[in-house]
Amino acid sequence: MSRILVTSALPYINGIKHLGNLVGSQLPSDAYARFMRARGNEVMFICATDEHGTPAELAAAKAGKPVADFCEDMWQVQKDIADGFRLSFDFFGRSSSERNRDLTQHLAGKLAENGLIEEVSEKQVYSHADGRYLPDRYIEGTCPNCGSENARGDQCENCTKQLDPTDLINPRSAISGSTDLEVRETKHLYLKQSKMRDKLDKWIDSQKGWPILTTSIAKKWLHDGDGLRDRGITRDLDWGVPVQYDGAPWTGMEGKVFYVWFDAPIEYIAATAEWADANGLDDAAWESWWREDKGADDVKYVQFMGKDNVPFHTLSFPSTLMGSGEPWKLVDYIKSYNWLTYEGGKFSTSQGRGVFMNQALEIMPSDYWRWWLLSNAPESSDSDFTWASFQGGVNKDLADVLGNFVSRVTKFCRSKFGEVVPEGGAYGKAEAAVVAEIGKRLTAYQDHMEAIEIRKATAELRAIWVAGNEYLQATAPWSVYKTDPDAAAAMVRFALNLIPLYAVLSEPFIPDASAKMLVSMGAEGAAWPTDLSAALEALPAGHAFTVPDVLFAKITDDRRVELEEQFAGQG
RNA sequence: GGGCCUGUAGCUCAGUUGGUUAGAGCAGAGCGCUCAUAACGCUUUUGUCGCAGGUUCGAGUCCUGCCGGGCCUACCA
C-alpha cells in the first residue's frame with residue numbers, strides 16, 4: 001500500500017468550465033484517484049477554485065457583486081458541478097482561503113530570506129476611468145506593425161507580433177474603452193527563478209518517464225534565449241493575498257497582492273490544510289502529505305493539468321518550494337493533456353460553442369460523459385468531440401457491450417431460474433479460459449492505469465466486458481438449458497459473477513453504473529480482485545439478486561441531431 | 001521568426017530499443033445465435049504507414065528537405 005497525493009489543476013473562478021477543461025485534468029485525475037483507492041492505497045485527492053486575478057474582479061463587476069461574494073457563489077456552483085460529475089475530491093478548496101493566504105505569505109517570506117525575491121520598479125499602464133492598473137492584454141489599440149485596430153498590449157492577434165503596451169497606437173482600455181491611460185512607475189516583487197535554473201534543470205532530468213509534452217515545455221522555458229527568466233509575483237490589485245503583512249520585509253508594497261499564479265499552486269497545499277480543518281484534524285494530518293520531514297517522504301505525488309499549465313508546475317511552483325529551503329514535497333509525476341476540440345473547432349465561451357459542464361449534466365448522465373471523455377482523452381494529441389462519436393461510443397461501449405451483457409444475463413436467469421444465483425453443475429474449461437483471458441486483460445488494464453495511460457486502460461476494460469459476451473455466445477446456456485439444466489446453471493452462475501467483477505473494475509470510469517450493478521447483485525462490498533477465480537465464485541448458489549433497470553439508455557439519431565443543433569453556437 | 005507535437009485502413013487511434021504476411025475499435029459486407037437495450041458472436045474487404053531523398057542486410061520506426069494540422073513563445077489563467 002502506498003500513499004498517493006493527487007492534484008487536479010485548479011479551475012478558474014470566473015465561469016463554468018467546458019468539457020475540454022474537465023477532460024484535461026479533473027476527470028483523469030478522478031479516475032486515477034478512484035483506481036488507486038480501489039487498489040487499497042491511501043489517496044489524498046485535492047482540487048480547489050483559483051479565485052484571484054483581474055478576470056475574477058471583472059467577472060464579479062459584470063455580475064454586479066462584490067468579488068468575494070461572487071467567488072463564494074461561483075465556488076458553490078463549481079462544487080455542485082464537480083459533485084454531479086462524481087469527482088471524488090477529498091477536498092475542494094478555495095485559493096482565497098485563510099490557509100492559502102497564510103501559506104503564500106509564509107513561502108514568500110522564506111523566499112525573501114533566501115535572497116530569491118527582488119524588488120523591481122517597472123512601468124504599468126493605469127486607467128483612470130477603470131480605477132485600476134491594466135494587465136497588458138487588457139489594453140487594446142492599433143498595431144504598429146500591421147495596422148490592425150484590435151491589437152492587444154501583449155500581442156497582435158492579426159500579425160502575431162509580440163508587443164509592449166506602450167507600442168500601441170491610440171491605446172485604450174479593453175474594459176471600458178477609455179483612452180484616459182497613464183503610464184505609472186510601480187514597484188513589484190520578482191521571484192528570481194533564474195537563480196534556480198540549474199537546480200530545476202537537474203531536477204527535471206532526474207525524473208523518469210514524464211510525458212514528452214511535460215518535459216519539452218519545461219526545457220524550452222529553461223533554455224530558450226537567456227534561459228529561465230525572473231517572474232513578477234505581485235500585482236496592483238485589490239483581490240488577492242496581500243503582500244503586506246506582519247513581519248513582511250517589504251515596504252512600499254501596500255495595496256498590492258500576490259500574482260494569482262504565485263498563490264494558486266500553493267493552494268494545493270493549503271487545500272489539504274483546509275481538509276484537515278474541515279475534518280477537525282490537526283496540522284500533522286495535512287503535513288504528513290506535504291512535509292518530507294513530517295511523514296511525506298513516502299508519498300507519491302501526481303499532478304494532472306492541461307498543457308497550458310505546464311510551465312507553472314514544472315518551474316514556478318517548484319522554484320517556490322525549493323527556494324523556501326523547507327522540505328516541501330515536490331511533484332513526482334506530471335500528467336499533461338492536450339486540448340479537446342468541439343466538432344473540429346475550438347470550444348468558445350463567447351460564442352456559446354461547445355458543451356459546458358452544467359449543460360452536459362442537464363442532458364446526459366455523468367457516466368456517459370466520463371466514459372466518452374476518458375476513452376477519448378487527448379493524451380497524445382488534441383482530440384475532437386463530435387456528437388456522432390459521443391453517440392457511437394456511448395451506445396456501443398456502454399449500452400451494447402456492458403449494459404446489454406448485464407441485461408441478457410440477469411433476464412435469462414430470471415426466466416429460467418428466478419432471481420437467485422442458480423445451483424448445479426460446475427465450472428470447466430470454458431470458464432477457465434475466460435478467467436485466463438480476463439486475467440491477462442486485467443494485468444494490462446492495471447499497468448495502463450499505473451502509467452496513467454487512460455485511453456489504453458479504457459480499451460482493456462472494454463475488452464474485459466467483451467469477454468463476457470464472448471463467453472455467453474460460446475457456451476450458449478439458453479440452448480444447453482434444454483438438455484442439461486445443471487450445466488446451464490453453472491454457466492449462468494459464472495456470468496452473473498462477472499457482473500460484480502465488472503462493476504468493481506469499471507468504477508473509476510462509470511461510478512454510478514458500477515454502484516447500480518453492485519446493488520442489484522447484492523454485492524455492495526465487492527473489492528478489487530486479487531484472485532480472479534475466487535472473485536468469480538463470490539456470489540454463491542442461492543444468492544438473491546434483482547434484475548436492474550436498463551443501465552444505459554441509447555442516444556437516438558433524432559436526439560443526436562437535436563443536440564448538434566442546440567450546441568452549434570452563434571459563431 | 002524560434003521551439004515542440006502531429007500526419008498509419010472511410011472515421012478515431014495502437015504500433016515498444018529499426019527485424020518475418022502493419023494492428024484495434026467504429027463504420028461496411030457475409031454468416032451464425034435468438035438469452036438480451038434489433039442487442040451478441042464469428043469471418044471478412046480497404047492501407048505506395050503525408051511527399052521526396054538518405055543511412056542500413058532490413059525503416060511506419062533513424063537522418064535531411066518539403067507539404068499539411070495543432071500548440072507554445074513568459075502580464076489571461
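The structure displayed is predicted, hence computed values, not measured ones.
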Whole-angstrom distance between B:C11 and B:G47, as gauged at atom P: 14 Å
Give one of base, sugar-phosphate or nothing for A:Val466, where a contact means two heavy atoms less than 4.0 Å apart. sugar-phosphate
Separation of B:C4 atom P from A:Asn338 atom CG, nearest Å, is 16 Å
Spacing between A:Phe405 atom CZ and B:A36 atom C1', to the nearest angstrom: 11 Å
A:Phe509 six-ring face occupied by A:Arg370 cation (under 6.0 Å, within 45°): no
With a non-hydrogen cut-off below 4.0 angstrom, is A:Ser216 in contact with a base, only sugar-phosphate, or nothing? sugar-phosphate
Opposite nucleotide pairing with B:C31, Watson-Crick or G-U, both atom distances under 3.5 Å: B:G41
Report each atom pair, protein N/O against N/O of nucleotides 11-15 of chain B, whose distance is under 3.5 angstrom.
from: B:A14; atom 1: OP1; to: A:Ser380; atom 2: OG; distance (Å): 2.2
from: B:G15; atom 1: OP1; to: A:Lys456; atom 2: NZ; distance (Å): 2.7

Has the side chain of A:Gln473 got a donor or acceptor that lies under 3.5 Å from a partner of the other kind on the base of B:C42? no
Side-chain donor/acceptor of A:Arg229 to base of B:A74, under 3.5 Å: yes
Side chains of A:Trp210 and A:Thr314: do they bring a donor and an acceptor to under 3.5 Å? no
Looking at A:Arg441, A:Gln446, A:Lys440, which hits side-chain hydrogen bond (donor to acceptor under 3.5 Å, both in side chains) with A:Glu460? A:Arg441
Touch check for A:Val550, heavy atoms < 4.0 angstrom, all strands: base, sugar-phosphate only, or nothing? base
Is there a donor N/O on one and an acceptor N/O on the other, under 3.5 Å, for the side chain of A:Asn404 and the base of B:A36? yes
Partner of B:U64 under the Watson-Crick or G-U wobble criteria, both distances under 3.5 Å, comes out as B:A52
Quick one: label A:Leu10 by what it contacts on the DNA or RNA (base, sugar-phosphate, nothing), any heavy atom closer than 4.0 Å. nothing
Geometric class of the A:Trp372/A:Phe390 ring pair [parallel <30°, tilted 30-60°, perpendicular >60°]: perpendicular
Length of the CD-P vector between A:Glu267 and B:A77, whole Å: 17 Å
Hunt down the Watson-Crick or G-U wobble partner of B:U46, both distances under 3.5 Å, from any strand shown, or write none. none
Do A:Asn338 and A:Ser383 have side chains that approach each other closer than 4.5 Å (heavy atoms only, starting at C-beta)? no
Between B:U8 and B:C51, how far apart are the P atoms? Round to whole Å, please. 10 Å
Pick the C1' atom in B:G23 and in B:A9, then give their distance to the nearest Å. 10 Å
Nearest 0.5 Å please: distance from the CD atom of A:Glu57 over to the CG atom of A:Leu237. 4.5 Å
Considering every strand shown, what is the Watson-Crick or G-U wobble mate of B:G19 when both distances are under 3.5 Å? B:C57
Using the P atom as the reference point in each nucleotide, state the distance between B:A39 and B:A29 in Å, no decimals. 14 Å
Could you give the distance separating B:G65 and B:G1 at their P atoms, to the nearest angstrom? 15 Å
C1'-based separation of B:A14 from B:A74 [nearest Å]: 35 Å
Would you say a side-chain N or O of A:Arg231 is under 4.0 Å from OP1 or OP2 of B:C75? yes
Atom-pair distance (CG on A:Asn14; C1' on B:C76), nearest Å: 9 Å
Return the stacking result for B:C35 and A:Trp478: yes when the ring centres lie under 5.5 Å apart and the planes under 30°, no otherwise. yes
Taking the same atom, C1', in B:U43 and in B:U37, what whole-Å distance lies between them? 25 Å
In whole Å, what is the span from the NE2 atom of A:His313 to the P atom of B:A77? 14 Å
Sugar-phosphate, base or nothing in reach of A:Lys220, heavy atoms under 4.0 Å: base
If you only use heavy atoms from C-beta on, which nucleotide in B:U37, B:C71, B:C76 is closest to the side chain of A:Trp339? B:C71
Has the side chain of A:Glu122 got a donor or acceptor atom sitting under 3.5 Å from an opposite partner on the base of B:C75? yes
For A:Tyr190, does the six-membered ring have the charged nitrogen or CZ of A:Lys192 within the cation-pi criterion, i.e. under 6.0 angstrom from the centroid and within 45° of the normal? no
Could you tell me how far apart A:Leu222 (CG) and B:G2 (P) are, to the nearest whole angstrom? 22 Å
Check every strand shown and say whether A:Lys554 touches a base, only sugar-phosphate, or nothing at a heavy-atom separation below 4.0 Å. base
With the side chain of A:Glu470 defined as its heavy atoms from C-beta on, choose the nearest nucleotide among B:G41, B:A77, B:C26. B:G41
Between B:G60 and B:A22 - P atom distance, rounded Å: 10 Å
Counting side-chain heavy atoms from C-beta on, which of B:A36, B:A39, B:A74 comes nearest to A:Asp400? B:A39
Name the orientation class of the two ring planes belonging to A:Tyr368 and A:Phe552 (parallel below 30°, tilted from 30 to 60°, perpendicular beyond 60°). tilted
Atom CG of A:Asn395 and atom P of B:C26 are separated, to the nearest Å, by 13 Å
Rounded distance (Å) that lies between atom P of B:U73 and atom CH2 of A:Trp221: 6 Å
5' priority, RNA chain B, between A:Phe412 and A:Asn469 [closest heavy atom]: A:Phe412
Taking any heavy-atom pair under 4.0 Å as a contact, classify A:Gly227: base, sugar-phosphate, or nothing. base
In terms of ring plane angle, is the pair A:Tyr481 and A:Phe412 parallel, tilted or perpendicular, where the classes change at 30° and 60°? perpendicular
Can you tell which of B:G41, B:C75, B:C40 lies closest to the side chain of A:Lys396? B:C40
Residue met sooner reading RNA chain B from 5', once A:Cys413 and A:Gly53 are mapped to nucleotides: A:Cys413
Against A:Ser95, only a single residue in A:Asp263, A:Val241, A:Thr104 fulfils side-chain contact (heavy atoms from CB on, under 4.5 Å); can you say which? A:Asp263
Partner nucleotide, any strand, of B:A14 [Watson-Crick/G-U, under 3.5 Å]: none
With a 4.0 Å cut-off on heavy atoms, is A:Pro55 in touch with a base, just the backbone sugar-phosphate, or nothing at all? sugar-phosphate
Examine the side chains of A:Ser336 and A:Thr214 and answer whether a donor and an acceptor come within less than 3.5 Å of each other. yes
Determine the contact category for A:Gly403: base if any of its heavy atoms lies under 4.0 Å from a base atom, sugar-phosphate if only primed atoms, P, OP1 or OP2 are that close, otherwise nothing. base
